Amino acid sequence: QVRLVESGGGLVQPGGSLRLSCKDLGFTSDYYAIGWFRQAPGKEREGVSCISASDRRTYYADSVKGRFTISRDNEQNTVYLQMNSLKPEDTAIYYCAPGNFARCQWPLTVASTRGPWGQGTQVTVSS
């Protein structure tokens, strides 16, 4: 079973950077696409980025394109989300989740992932 744990969040000033990690404790995520989501207070969970397992093709929401970079290290069973030029509107709890298939289903939605969801990691962008 895929068991993903997110880490790397924190408080950062606008324009700053963070790198989030999504560690697979079940060592089975090599076969699935991995997506990053975020959920701000009072808003729905939205897909931010996704990386396919097969060809490592990447996808980004328009709101983060050019600022965020997703990557995966199968040897470390970890997917990363490098976030640069952070804005206050990036403030949210960030979650990772395995997709239903090896390729990303884009646009990324909760329905295109399998559970279980982790606790997420809080990202706060504020001066």
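The figures that follow rest on heavy atoms only: side chains count, while hydrogens, waters and symmetry mates do not. Computed from a predicted structure; not experimentally measured.
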>> Return the CG to OH distance between Asp24 and Tyr32, rounded to the nearest 0.5 Å.
In response: 10.0 Å

> Hey, is the main chain of Val125 close enough, under 3.5 Å, to the side chain of Lys87 for a donor-acceptor pair?
Replying inline: no

>> Test of understanding: with side-chain contact (heavy atoms from CB on, under 4.5 Å), list the residues that count as partners of Pro107, not counting sequence neighbours.
In response: none

> Side-chain heavy atoms under 4.5 angstrom apart, residues restricted to Ile, Leu, Val, Met, Phe, Trp, Tyr: same cluster for Tyr94 and Leu18?
Replying inline: yes

>> Going by the rule side chain to side chain donor-acceptor pair (under 3.5 Å), which residues pair with Thr124 if we only count those two or more places apart in sequence or in a different chain?
In response: Gln122

> About how many Å separate CE of Met83 and OG of Ser49, when rounded to the nearest 0.5 Å?
Replying inline: 11.0 Å

> How far apart are the C-alpha atoms of Leu20 and Trp36, what are their side-chain angles, what is the distance that settles it, and do they pass the side-chain contact (heavy atoms from CB on, under 4.5 Å) test?
Replying inline: CA-CA 10 Å; Leu20 306 185; Trp36 280 99; 3.6 Å; yes

>> Quick check for you: to the nearest 0.5 Å, what is the distance between Cys22 atom SG and Ile70 atom CD1?
In response: 8.5 Å

> Between Ser52 and Ala33, what is the shortest heavy-atom contact and its length?
Replying inline: CA-CB, 4.0 Å

>> Through direct or indirect side-chain contacts below 4.5 angstrom among Ile, Leu, Val, Met, Phe, Trp and Tyr, which residues connect to Phe37?
In response: Tyr59, Ile93, Tyr95, Trp106, Leu108, Val110, Trp117

> Nearest 0.5 Å, what's the CD-OG distance between Gln13 and Ser127?
Replying inline: 7.0 Å

>> If the condition is salt bridge (Lys or Arg N to Asp or Glu O under 4.0 Å), which residues does Lys65 pass it with, not counting sequence neighbours?
In response: Asp62

> Quick one: does Arg114's side chain have a donor or acceptor within less than 3.5 Å of a partner on Asn100's backbone?
Replying inline: yes

> How would you list all residue pairs meeting salt bridge (charged side-chain N to carboxylate O under 4.0 Å, His left out) that involve residues 8-21, not counting sequence neighbours?
Replying inline: none

> What salt bridge (charged side-chain N to carboxylate O under 4.0 Å, His left out) pairs are there with at least one residue in residues 36-48, not counting sequence neighbours?
Replying inline: Arg38-Glu46, Arg38-Asp90

> With no hydrogens and no angle check, do the side chains of Thr78 and Asp73 hold a donor and an acceptor under 3.5 Å apart?
Replying inline: no

>> Check whether Arg57 reaches the backbone of Ile51 with its side chain - one donor and one acceptor, N or O, closer than 3.5 Å.
In response: no

> At their closest point, which heavy atom of Leu4 faces which heavy atom of Cys96, and how far apart are they?
Replying inline: CB-SG, 3.7 Å

> Can Val79 be reached from Val64 by stepping across I, L, V, M, F, W or Y side chains whose heavy atoms are under 4.5 Å apart?
Replying inline: yes

>> Holding to side-chain contact (heavy atoms from CB on, under 4.5 Å), I want the full list of residues that pass it with Thr69, two or more places apart in sequence or in another chain.
In response: Tyr60, Gln82

> So, for Ser126 and Pro14, which heavy atoms are closest and what is the spacing to 0.1 Å?
Replying inline: C-CD, 3.6 Å

> So which residues get pulled into Leu11's cluster when ILVMFWY side chains under 4.5 Å apart are joined, directly or through others?
Replying inline: none

> Which disulfide bond (SG atoms under 2.5 Å apart) pairs, counting each pair once, include a residue from residues 33-93, with sequence neighbours left out?
Replying inline: Cys50-Cys104

> Got a sec, which residues hit side chain to side chain donor-acceptor pair (under 3.5 Å) with Arg103, two or more places apart in sequence or on another chain?
Replying inline: none

>> Given 3.5 Å as the limit, does a donor-acceptor pair link the side chain of Thr121 with the main chain of Gly9, or not?
In response: yes

> Hey, what do you get for CZ (Arg72) to CD1 (Ile34), rounding to the nearest 0.5 Å?
Replying inline: 5.5 Å

